[in-house]
Amino acid sequence: NLKGREAEVVQGSSWGVPFARGTVRPDSRFTITRQDGTDVPSESWPLAYWPDGSLKWVGLAVVSGKGMDNLTLNVDHPSGKAGNVKAVSAPGRGFATEEQDGIRIDNNVMQCFFPSSGSSIIRDISMGGRLICDKASLVAILEQREEGAGKSSITLEDYMGEVEKVSIVQNTPLRAAVKIQGRHKSVSGSRGWLPFTLFCVMYKDVPTISITHSFVFDSDGQKDFIKGLGVRFNVPFREEAHNRHARFAGDGSLGAGFWCQPVRLAPGYRPRAGQVFFKNYQNYLEGRKLPDLKDLTESERSALLTCPVWG
C-alpha cells in the first residue's frame, strides 16, 4: 500500500558541493534559501582544498520539510584579503554532551545515549519520556567450512560488537554526529573479528537517527565467511498483538511512503466478524489502532482470536 500514502516528513539532509579551482575563497560564506528568498537554517564546513588554497568541496546540512522542495545555495564571496576558513552554523548551541561514561544527545524530540564501552552501541532511545528501544548492538555470524575425504562440515559462531571508543565529530545547533569504533567479539570465545566504525547522525527536532556502518574484513577469506551481519534492538511491546505493525519505509520520486502489516491480521474482510473490523479495516491496514480485546464484544473478540499471529 505504498501508492497514495506519500507523506511530507521533516528530515535532515547533508551533502557535498564541488567547486572549480580558484573560484571560491576559503573564507566564503554559504546560505540556503527557499523559493521566496527566505533563509533556511543550515550548516557548512570545508571538506577539501585546491593547492592554491581555494575551496574544492564544502559540506552542507539542512532540516527540510513542507514548502522546501526547491532550495538555492548562495555563495557570499568576501572582499579583501582571504582569511581563515570557518564552519558556519545556525544560531544556538550544540545538543550533544559528553559524560563520564558516554555521549548523550537530546535533539528536542528524541534522546539517545551512546556508551563509551560495552556491547551496546546505543544504550537507550526515548521520546517524550517514553522508552522506544534499548541495548542496540551489532551482531555478526562467522561461518567456517571444513572439507575432508567424502565429508564436509559447517560451523557457525555468534559475535557481538564491543565498543572501544566513542567521540563527537560534529556538534552544532542543527546537527550532531557521533563516531563509534570497536570490534566484534566472539560470544563463546575470546576471538576478536571485523573491526567496525559507526557514524550516527541526528538533526535538531527530527525523530530519526542515520547510521553508517563500515567494517574491515581482517581474516582469511578462504576459511572465514560472513554468514550474517546487522544491528539488533530491544523493543518493548506495549500493544496487544493485533495492534502491532511491521513497517517498511519506501523512497520514491513522489515522496516517502510506508508498507504496513499487522502482526495479527484482523478479519476485516468478513463483515459478519464484526462491524468494528469491517468499517475500520483500511485504516487498520495503514497502521491505525483497533480497540483492545477488553473493549470488543464477545463475538468480535472470538473472531479476532481465530486469526494467526505471524512471527
Side-chain angles (χ1 to χ4, degrees), residues 96-106 110-127 130-171 176-202 208-238 241 244 246-249 261 263 309-311:
T97 56
E98 242 180 298
E99 299 184 2
Q100 185 176 0
D101 56 346
I103 294 170
R104 186 176 303 280
I105 295 183
D106 184 348
M110 186 165 64
Q111 299 77 42
C112 304
F113 187 82
F114 302 86
S116 55
S117 62
S119 59
S120 294
I121 56 172
I122 304 175
R123 190 181 68 188
D124 51 65
I125 301 176
S126 300
M127 294 181 66
R130 182 179 182 180
L131 180 67
I132 302 301
C133 61
D134 63 2
K135 298 179 182 177
S137 57
L138 296 181
V139 293
I141 302 174
L142 167 66
E143 177 182 312
Q144 292 182 313
R145 306 171 186 173
E146 292 186 7
E147 296 185 2
K151 65 177 183 179
S152 62
S153 64
I154 294 178
T155 303
L156 301 180
E157 186 177 3
D158 291 333
Y159 281 72
M160 182 171 289
E162 191 75 18
V163 175
E164 298 173 350
K165 183 181 180 181
V166 61
S167 57
I168 298 175
V169 295
Q170 191 175 37
N171 187 20
V178 173
K179 182 180 181 181
I180 305 170
Q181 296 170 279
R183 180 182 293 269
H184 294 82
K185 297 290 182 67
S186 171
V187 173
S188 58
S190 59
R191 179 183 176 184
W193 187 48
L194 300 180
F196 65 83
T197 300
L198 293 178
F199 286 95
C200 301
V201 180
M202 295 174 63
T208 61
I209 304 176
S210 171
I211 300 178
T212 303
H213 177 203
S214 61
F215 64 92
V216 177
F217 188 87
D218 60 341
S219 59
D220 188 344
Q222 300 301 315
K223 297 180 179 179
D224 296 340
F225 302 89
I226 299 176
K227 179 69 173 181
L229 193 67
V231 184
R232 178 185 294 151
F233 294 85
N234 287 352
V235 180
F237 288 148
R238 297 183 176 90
R244 300 175 193 169
R247 290 182 173 89
F248 294 90
Q261 179 67 40
V263 174
V309 175
W310 301 107

Step by step, work out the side chain to side chain contact (heavy atoms under 4.5 Å, CB included) result for D101 and F113.
CA-CA 10 Å; D101 56 346; F113 187 82; 3.3 Å; yes
Is there a side-chain contact between [X] and [Y] in this structure, where contact means two heavy atoms from C-beta onward sitting under 4.5 Å apart?
| X | Y | answer |
| --- | --- | --- |
| I168 | E98 | yes |
| T97 | E99 | yes |
| R183 | E162 | no |
| R191 | L142 | yes |
| L198 | L138 | yes |
| D224 | F217 | yes |
| R104 | R123 | yes |
| I180 | C200 | yes |

To the nearest 0.5 Å, what is the distance between [atom1] on [X] and [atom2] on [Y]?
| X | Y | atom1 | atom2 | value |
| --- | --- | --- | --- | --- |
| S153 | E146 | OG | CD | 4.5 Å |
| R145 | T155 | CZ | OG1 | 11.5 Å |
| Y159 | I141 | OH | CD1 | 12.0 Å |
| N234 | C133 | CG | SG | 8.5 Å |
| S219 | I226 | OG | CD1 | 7.5 Å |
| I209 | I125 | CD1 | CD1 | 4.0 Å |

Quiz item: Does any donor atom in the side chain of E157 or S186 lie under 3.5 Å from an acceptor atom in the other side chain?
Solution: yes
When every non-hydrogen atom of A176 is compared with those of I105, the smallest separation belongs to CB-CD1, 4.0 Å
Of all heavy-atom pairs linking S137 and S119, the shortest is CB-O, 3.3 Å
Backbone N/O of [Y] and side chain of [X]: donor-acceptor pair under 3.5 Å:
| X | Y | answer |
| --- | --- | --- |
| D218 | L194 | yes |
| N171 | A96 | yes |
| T197 | Q181 | no |

- Message: A quick test of your reading: do over 12 heavy atoms of other residues, nucleotides or ligands sit less than 6.0 Å from CZ of R238?
- Response: yes
Using a 6.0 Å cut-off, check whether atom CZ of R232 has over 12 heavy atoms from anything other than its own residue. no
By ring pair (Phe, Tyr, Trp, His ring centres under 6.0 Å), F196 pairs with (sequence neighbours left out) H184
Would V163 and I121 count as a side chain to side chain contact (heavy atoms under 4.5 Å, CB included) if you check the C-alpha gap in whole Å, the side-chain angles of each, and the deciding distance to 0.1 Å? CA-CA 7 Å; V163 175; I121 56 172; 4.1 Å; yes
Sorted by chain and number, sequence neighbours left out, side-chain contact (heavy atoms from CB on, under 4.5 Å) with K223 holds for D220
